[in-house]
Amino acid sequence: MKLEFIPVDYDYFDFEGRNYAKIIGRDKSGKRVCLVDSCDVFFWAILKDKSNDKEIKKLQEKIGKIKLDTKGRKTEVEKTEVHEKNFLGQKVKALKIFATNYKDMHEIADKLGMPEIEKRRGYDLGFITHYIIEKKLNPLCWYEISGDILNANEFGGIENIDVDLCIKVNSISPIKKEEFSPKVLAFDIEADELGIGSGEILMISLVSENFRKVITWKGQKKDLDNLPYLEIVKDEAELLEKFSEIVKKISPDILTGYFSDGFDLPYLKSRAEKFKIKLNLGLDGSQPKFSRGIMTTAKIDGIPHIDLLRFIQTAYSQYMSSETMSLNEVANEFLGESKKDFQHTHSSKIEINSWEKYFEYNLQDSILTYKIFEKIWPDLLEFTRIMQEPIFDVSRNGISKNVEDYIIHNLEKFNEIPEKRPTYDEIGERKGREKYEGAFVFTPTPGLYENLTIFDFTSMHASIIVTYNLSKATLLEEKEAKKEKDFVESPEFELNNEKKKFYFSKKPGFFPSLLKEVVELRKKYKKELKEKPDVIKKARSNAFKLLANAYYGYLGFFGARYYSVEAAASTLAFVRKFNKWTMEKAKEKGYEVIFGDTDSIGFLLGKKSKEDAKQFLKELNSELPGIMELELEDFYKRGIWVTKRTGEFGAKKKYALIDYDDKLKIRGFETVRRDWCTLARETQNKVLKLVLEDGNEKRAVEYIKKIVKEVNTRKVDLKELIIRTQLKKPISEYRTISPHVIAAQKMQEKEMPIDPGTLIEYYIAETPDKKKLIREKVKLSDEEGEYNIEYYLKHQLLPAIENILQVFNVNINEILENKKQKTLF
DNA sequence: GGTCCCTAGATACC
DNA sequence: ACAGGTATCTAGGGACC
């Protein structure tokens, strides 16, 4: 039979010693379909240059006899073929070695210590990745599948699977069709304790299209009248059973939660174990499977479980203004909606009438999760289609893994054999290497400037890698390079205290070629965004920018298959060169350069017009090589640069700009740092706004006087004075005991959950005795006490505004002293 | 007990 | 372990007088 099919989830099983892919997806009518398919299983043995045909024949015979009998499985080399392939851009002769079971290929490869064999590759991709490459059945793309309907008794492993149709695949062909709206189910639990499994699960909310439900074993009859979505069950055990039941009934394509890898699913698992209940969420009736490692991941058979937090962290966080990745802040930023107000209390202390609020709160969390999912779905979809890996993995992978997946799935068009993952020793070596020199940052002259503009390079690192063909495979030894007529030469730079220069081939390598595609996609989305802006296009455009920019980071990442310090360091040498080149050009034109960092420069227009600047930009672009491109970032009415707190030099990476719509752009200042109290941040923000709007300090000084007075007279709300600092490691590992470590200790004493990653909140209080250290004055947010006036003036307010006023030759200390004396008298 | 210098640690920029 | 290097700044920590 034939059907149109879109794959959503991938798994595999062994049957009679062979590997079978088990793919869950939908047909065009929305029926759930399971495909069972197999593919050739093989890896590569790259042969030494000089091997002749006779030797190769002999070698093939020898390898063909390899048999394994391990882990109760019989595997053998089934056949071998000789192929002309490329490896790292070089033509090689390689043996394609077919084996019975993918999982045994590493072991077979270990047996190939023959002198004729140079390298063994392609055994470490994982069966799913290997299958997707072989059969080209890419996730979330439509295909026409022809195959035979499978009966329940075939293949042993699939008899219990809960799908409408099971097909053994005969052929796969792609069809032009893009649209796919998965059925999504969002869920969220509420429990009495935050420690996994240590309290009772009180309720679970579930939200899908036209479906809202809160199941609970708390709650009264009257709640049912008010809350139509509420369902009351007998006890916690029944709650868990009901949850599985509803998931089964809704039968979603995707189950999503927020931090559900780390909280909701492990909690459900733990409680289910306690009550000896099977949490059979999987389509095959299995329970969620949890991976070990630093980050737990929860996998459900047949239904991709997406923890939104994981994807948002890799794909969006660097472009977000949220200071924490909490559901509330993220929902605010993505949707402009918030969690419901509800003061968490232990269930034993909740009054009968408050439960209703709790249920609403719980439901709202799932609603927000559902809506955020809808919002980022285009990116998840694009990421998955581009990386060509199952959405379960793509949504959790770090950015370097995404880069690598993109490469691995596109090697075939270059006839390339995949490089292996680095060994443990190689990783150690790479981590131990010296850092290479990074980007250039211009030292600004402190001051207030008027009428300026900023240019920046679009995806600078990526466009350099593409333009100069930089990669592990295109790197040439100096001798080789000189033999070729044409080669790329990096600027000279210092590496390990030596003058260095690297050479690269001009023959386009697969790595830069692939990156070129990514850059072009990024440009396409950016253009679409400009033509018709919306938040989704913006996020998508940013996601591609992220991928393009991550290629450079990938080159220097110790875990990368295509790691190359030479290429990474050379990229940076070009980055420095072009940044300085642009500055020189601007100076030649008569512009005064006042700012520069990595891929951007800022300069004063002076007597020149905006049109002049645009013309200058055109001229620069006509001179730039390859795909390198400068763009106009914006024009600004004013900008301020300040001195470092130590020394008289201008501070780098700290400036504030105001554009012609009076919109502020603040970088590096305390205003944008979450480890400063709100009072200091908001005061600084206001001061920057006033001086940039007016071009002088008068209103700002008045404003500061007002705030200082408020601090002195204890008019400031404690909320404004809370300092938030993240705990980065277990308390015991800190060598210096700083205020936030003391605060964390206090929290621990109160049995509040503190893990690395917790945001510690505290304030500095007055102490009756003369304590010297700041950490001795730390109090937690809910601790009684009076704020320490001196600390907040001298350690928060003053540092935030001192340098700004210094630009206007105003000594803020005098203003403060003055105030103090006045209050004294 | 105060001053000086150094650095661990957190966070930001690109 | 899970992209890179550059930079600012605070508070603690130790040497010294």
S.K.: OP1 or OP2 of C/dA11 versus the side-chain N and O atoms of A/H795: is any pair under 4.0 Å?
M.R.: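 True: A/H795 side-chain N/O within range (under 4.0 Å) of C/dA11 OP1/OP2.
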S.K.: On DNA chain C, check which nucleotide each of A/G559 and A/K435 is closest to and give me the residue with the more 5' one.
M.R.: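 Looking at the nearest nucleotide for each, A/G559 comes out on the 5' side.
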S.K.: Would you please classify the geometry between the A/H106 ring and the A/Y123 ring as parallel, tilted or perpendicular, with 30° and 60° separating the classes?
M.R.: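 A/Y123 and A/H106: perpendicular rings.
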S.K.: In terms of side-chain heavy atoms of A/K652, which of C/dA7, C/dG13, C/dA1 is nearest?
M.R.: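 Among the listed nucleotides, the one closest to the side chain of A/K652 is C/dA7.
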S.K.: Regarding A/Y436, tell me which of base, sugar-phosphate or nothing describes its non-hydrogen contacts under 4.0 Å with the strands shown.
M.R.: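 Touches sugar-phosphate only.
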S.K.: When all nucleic acid strands are considered with a 4.0 Å heavy-atom cut-off, which category describes A/E776: base, sugar-phosphate, or nothing?
M.R.: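 Result for A/E776 = nothing.
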S.K.: Would you tell me whether A/T324 and A/S326 have side-chain atoms, one donor and one acceptor, within less than 3.5 Å of each other?
M.R.: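 Yes, because at least one side-chain N or O of A/T324 sits under 3.5 Å from a partner of the opposite role on A/S326.
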S.K.: Check this one for me: any side-chain N or O of A/K401 less than 4.0 Å away from OP1 or OP2 of C/dA1?
M.R.: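 Indeed not, no polar side-chain atom of A/K401 lies that close.
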S.K.: If we ignore hydrogens and angles and just use 3.5 Å, is the side chain of A/R310 paired with the main-chain N or O of A/I306 as donor and acceptor?
M.R.: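 No, the answer is negative, given that no donor and acceptor are paired below the 3.5 Å cut-off.
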S.K.: With sugar-phosphate meaning primed atoms plus P, OP1 and OP2, does A/G438 contact a base, only sugar-phosphate, or nothing at under 4.0 Å between heavy atoms?
M.R.: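 The answer is sugar-phosphate, as A/G438 gets under 4.0 Å only of primed atoms, P, OP1 or OP2.
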S.K.: Looking at A/R681, A/R673, A/R674, which hits salt bridge (Lys or Arg N to Asp or Glu O under 4.0 Å) with A/E323?
M.R.: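 Considering A/R681, A/R673, A/R674, a salt bridge (Lys or Arg N to Asp or Glu O under 4.0 Å) with A/E323 is found only for A/R681.
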S.K.: Can a side chain N or O of A/S400 be found less than 4.0 Å away from OP1 or OP2 on C/dA3?
M.R.: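 For A/S400, the contact criterion (side-chain N or O under 4.0 Å from OP1 or OP2 of C/dA3) is met.
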S.K.: Categorize A/A439 for me: base, sugar-phosphate, or nothing, with a 4.0 angstrom heavy-atom threshold over every strand shown.
M.R.: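 Sugar-phosphate contact only.
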S.K.: Compare the minimum distances between each of C/dA1, B/dT11, C/dC9 and the side chain of A/K654, then state the nucleotide with the smallest one.
M.R.: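 My answer, after comparing the listed nucleotides, is C/dC9.
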S.K.: If I take atom CZ in residue A/R775 and atom P in nucleotide C/dG12, what distance separates them, rounded to the nearest angstrom?
M.R.: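 Rounded to the whole Å, the gap is 6 Å.
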S.K.: Respond yes when some side-chain nitrogen or oxygen of A/Y734 is under 4.0 Å from OP1 or OP2 of B/dA10, and no when none is.
M.R.: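 The answer is yes; a side-chain N or O of A/Y734 sits under 4.0 Å from OP1 or OP2.
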S.K.: For A/E437 and B/dC14, what is the distance between atoms CD and P respectively, to the nearest whole Å?
M.R.: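 Value for this atom pair: 19 Å.
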S.K.: So, is A/K644 near the phosphate of C/dA7, with a side-chain N or O under 4.0 Å from OP1 or OP2?
M.R.: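 No, no such contact exists.
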S.K.: Taking only N and O in the side chain of A/H461, is any of them less than 4.0 Å away from OP1 or OP2 of C/dG4?
M.R.: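 False: A/H461 side-chain N/O out of range (4.0 Å or more) of C/dG4 OP1/OP2.
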S.K.: Looking at A/Y791, does any N or O in its side chain come under 4.0 Å of the phosphate oxygens OP1/OP2 on C/dA11?
M.R.: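 Indeed, a polar side-chain atom of A/Y791 lies that close.
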S.K.: Below 4.0 angstrom from OP1 or OP2 of C/dG5, is there any side-chain N or O of A/R433?
M.R.: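 Answer is yes, contact under 4.0 Å.
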S.K.: Under 4.0 Å, heavy atoms only, any strand: does A/K772 hit a base, just the sugar-phosphate, or nothing?
M.R.: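 Touches nothing.
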S.K.: If each of A/S738 and A/I399 is mapped to the nucleotide of DNA chain C with the nearest heavy atom, which maps nearer the 5' terminus, i.e. the 5' end?
M.R.: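 The residue whose closest nucleotide sits nearer the 5' end is A/I399.
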S.K.: Considering every strand and a 4.0 Å limit on heavy-atom distances, what is the contact class for A/Y551: base, sugar-phosphate, or nothing?
M.R.: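 Nothing, no nucleic acid heavy atom in range.
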S.K.: A/T643 and A/Q806: side-chain donor and acceptor closer than 3.5 Å?
M.R.: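 The criterion, which ignores hydrogens and geometry beyond distance, is satisfied for A/Q806 and A/T643.
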S.K.: Can you tell me which nucleotide in C/dA7, C/dT10, B/dA10 comes closest to the side chain of A/W676?
M.R.: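 Looking only at side-chain atoms, A/W676 lies closest to C/dT10.
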S.K.: Could you give the NZ-to-P distance, from A/K729 to B/dA8, as a whole number of Å?
M.R.: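 Nearest whole value for this atom pair: 10 Å.
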S.K.: Taking 4.0 Å as the cut-off, does a side-chain nitrogen or oxygen of A/R673 come that near to OP1 or OP2 on B/dA10?
M.R.: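 A/R673 to B/dA10 OP1/OP2: no side-chain N or O under 4.0 Å.
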S.K.: In whole Å, what is the span from the OH atom of A/Y554 to the P atom of C/dG5?
M.R.: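 Checked: the OH to P distance equals 16 Å.
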S.K.: Side chains of A/E389 and A/T129: do they bring a donor and an acceptor to under 3.5 Å?
M.R.: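 The criterion, which ignores hydrogens and geometry beyond distance, is satisfied for A/T129 and A/E389.
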S.K.: Rounded to the nearest Å, what distance is computed from the NZ atom of residue A/K653 to the C1' atom of nucleotide B/dA10?
M.R.: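 Taking NZ of A/K653 and C1' of B/dA10, I get 16 Å after rounding.
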S.K.: For A/F649, which contact category applies under a 4.0 Å heavy-atom criterion: base, sugar-phosphate, or nothing?
M.R.: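 Since no nucleic acid heavy atom lies under 4.0 Å of A/F649, the category is nothing.
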S.K.: Tell me what A/L555 touches on the nucleic acid: a base, only sugar-phosphate, or nothing, going by heavy atoms under 4.0 Å.
M.R.: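 Here A/L555 touches no strand at all.
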S.K.: Considering only side-chain heavy atoms of A/T736, which listed nucleotide, B/dA10, C/dT6, B/dA8, is closest?
M.R.: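 Of the options given, the side chain of A/T736 lies nearest B/dA8.
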S.K.: Looking only at heavy atoms, which two atoms of A/N469 and A/G509 are closest? And how far apart?
M.R.: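 Heavy atoms of A/N469 and A/G509 come nearest at OD1-N, 2.9 Å.
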S.K.: Looking only at the side chain of A/R645 (C-beta and beyond, no hydrogens), which of the listed nucleotides C/dG4, C/dA7, C/dC9 gets closest?
M.R.: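 Nearest to the side-chain atoms of A/R645, counting from C-beta on, is C/dC9.
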S.K.: If I take atom CG in residue A/L773 and atom P in nucleotide C/dA11, what distance separates them, rounded to the nearest angstrom?
M.R.: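 After rounding, the gap between these two atoms is 11 Å.
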S.K.: Send over the distance from A/Y655 OH to C/dT6 C1', rounded to a whole Å.
M.R.: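 Computing the A/Y655:OH to C/dT6:C1' distance gives 14 Å.
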S.K.: Does any donor-acceptor pair link the side chain of A/R674 with the base of B/dT11 at a separation under 3.5 Å?
M.R.: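 Not at all, since no donor on one side and acceptor on the other fall under 3.5 Å apart.
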S.K.: Measure OH/A/Y552 against P/C/dG5 and give the value in whole Å, please.
M.R.: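 One finds 6 Å between P of C/dG5 and OH of A/Y552, rounded.
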